Amino acid sequence: MTNTYQESVTNPISAAHEDYLKAIYLLEMKGGPVNNSALAEYMTVAPASATNMVKKLAQFELVEHEPYRGVRLTKLGRQIALEVLRHHRLLELFLHEALGMSWDRVHEEAEKLEHVLSDALEDAIADALGHPTVDPHGDPIPSKKGEVEIAEGTALSTVRVNLPHVILRVLLQDQERLYYLGTLGLYPGTEVTVLERAPFNGPLLINVGGVQHALAFEMAETLLVKESK
Ligand SMILES: [Zn+2]
């Protein structure tokens with residue numbers, strides 16, 4: 001294959017490029033076209049910076065940019081985004097399981113390490129962890145081939161009361177909120193039952209392992225669950 005990305009091996013794409021590809025992928029996953037302003041907001045940069053970066057990525061043939069329609073990853077761009085995401089989530093799990101770091105701290109570390117992880121170390125970590133498919137937040141870890149299996153879940157904010165559910169995934173990266181959820185024991189794999197739901201998107205009363213807690217509606221919206229068997 002002779003394309004600009006291959007040529008760039010001597011001039012490898014930077015961590016910033018990888019972060020943008022990952023961001024575009026994650027925004028695509030949320031549905032709908034990805035435009036420069038959404039991307040700028042996600043990356044917390046000025047719109048002009050995002051626009052410049054998208055132009056560069058388009059030169060490398062990593063994204064396709066259609067004015068007024070948005071940005072889309074090319075096959076190669078998606079492949080890189082998924083590899084970085086695999087690194088990120090494997091590292092999160094490794095830091096959590098092997099080094100005992102709490103789940104609210106691993107994201108920040110993985111943000112840095114994901115760009116420098118070698119293939120050999122990636123494989124060693126995957127082996128050591130038994131080829132896991134989800135990270136500590138329940139986010140799917142893409143396979144080496146770039147396949148992703150996304151768990152179907154329902155937001156805890158919408159489930160029937162008095163019916164036990166299991167947490168599949170926590171749609172949060174925010175350190176303080178994750179820490180807080182951790183203090184309530186709301187990790188993937190935990191069983192949780194909604195006992196009461198206040199009207200008008202008010203707080204929920206939940207049971208976690210026999211202990212009752214009030215949980216804000218907006219927090220319950222970030223917890224994807226399925227019915228327990
Ligand atoms: Zn994660």
Side-chain angles (χ1 to χ4, degrees), residues 15-16 18-31 34 39 41-44 73 78-118 121-157 165-192 208 215 218-226:
E18 292 183 344
D19 282 336
Y20 270 86
L21 293 174
K22 195 176 59 168
I24 295 165
Y25 172 82
L26 293 172
L27 286 169
E28 279 183 0
M29 283 287 101
K30 286 187 183 173
V34 182
L39 190 56
E41 194 187 316
Y42 188 91
M43 297 297 294
T44 58
L73 293 170
R78 177 174 311 271
Q79 206 177 305
I80 296 169
L82 286 168
E83 198 190 342
V84 179
L85 209 57
R86 173 173 169 81
H87 287 182
H88 183 97
R89 292 176 175 169
L90 272 177
L91 284 161
E92 280 192 346
L93 192 65
F94 179 73
L95 295 170
H96 183 62
E97 297 225 322
L99 305 185
M101 280 181 77
S102 65
W103 78 334
D104 54 297
R105 290 175 55 216
V106 292
H107 177 75
E108 217 177 72
E109 295 296 337
E111 276 296 296
K112 298 171 207 153
L113 297 171
E114 66 189 14
H115 305 294
V116 296
L117 189 66
S118 69
L121 187 52
E122 173 194 325
D123 291 348
I125 289 174
D127 281 346
L129 297 175
H131 301 277
T133 54
V134 289
D135 80 2
H137 311 107
D139 295 323
I141 300 175
S143 74
K144 191 107 183 153
K145 286 184 188 158
E147 292 145 345
V148 198
E149 222 174 285
I150 294 161
E152 299 280 329
T154 314
L156 184 68
S157 52
H165 283 75
V166 174
I167 299 173
L168 297 175
R169 188 171 178 185
V170 181
L171 302 173
L172 274 180
Q173 303 288 7
D174 176 80
Q175 195 169 348
E176 285 170 28
R177 285 184 170 77
L178 280 175
Y179 177 80
Y180 170 70
L181 289 179
T183 63
L184 306 183
L186 294 171
Y187 298 105
T190 302
E191 191 171 272
V192 54
V208 188
L215 185 72
E218 56 139 27
M219 299 290 269
E221 278 185 309
T222 70
L223 296 171
L224 294 188
V225 299
K226 67 165 190 197

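For ligands, and for the atoms within them, numbers begin at 1 and follow the listed sequence. Bear in mind the structure is a predicted one, so any value in this text is a computation, not a measurement. Reckoned from all heavy atoms, side chains included, excluding hydrogens, waters and symmetry mates.
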### Query
How would you list, by chain and number, every residue that makes a salt bridge (Lys or Arg N to Asp or Glu O under 4.0 Å) with E218, sequence neighbours excluded?
R177
### Message
Could you check whether E122 and H87, counting side-chain N and O atoms only, form a donor-acceptor pair closer than 3.5 Å?
### Response
yes
### Query
Under 3.5 Å, is there a donor-acceptor pair between the D19 and H115 side chains?
yes
Nearest-0.5 Å distance, [atom1] of residue [X] to [atom2] of residue [Y]:
X    : Y    : atom1 : atom2 : answer
I167 : K226 : CD1   : NZ    : 12.5 Å
L223 : H165 : CG    : NE2   : 12.0 Å
H88  : E109 : NE2   : CD    : 11.0 Å

### Query
How many N, O or S atoms of the protein are nearer than 2.8 Å to the Zn ion (ligand 1)?
3
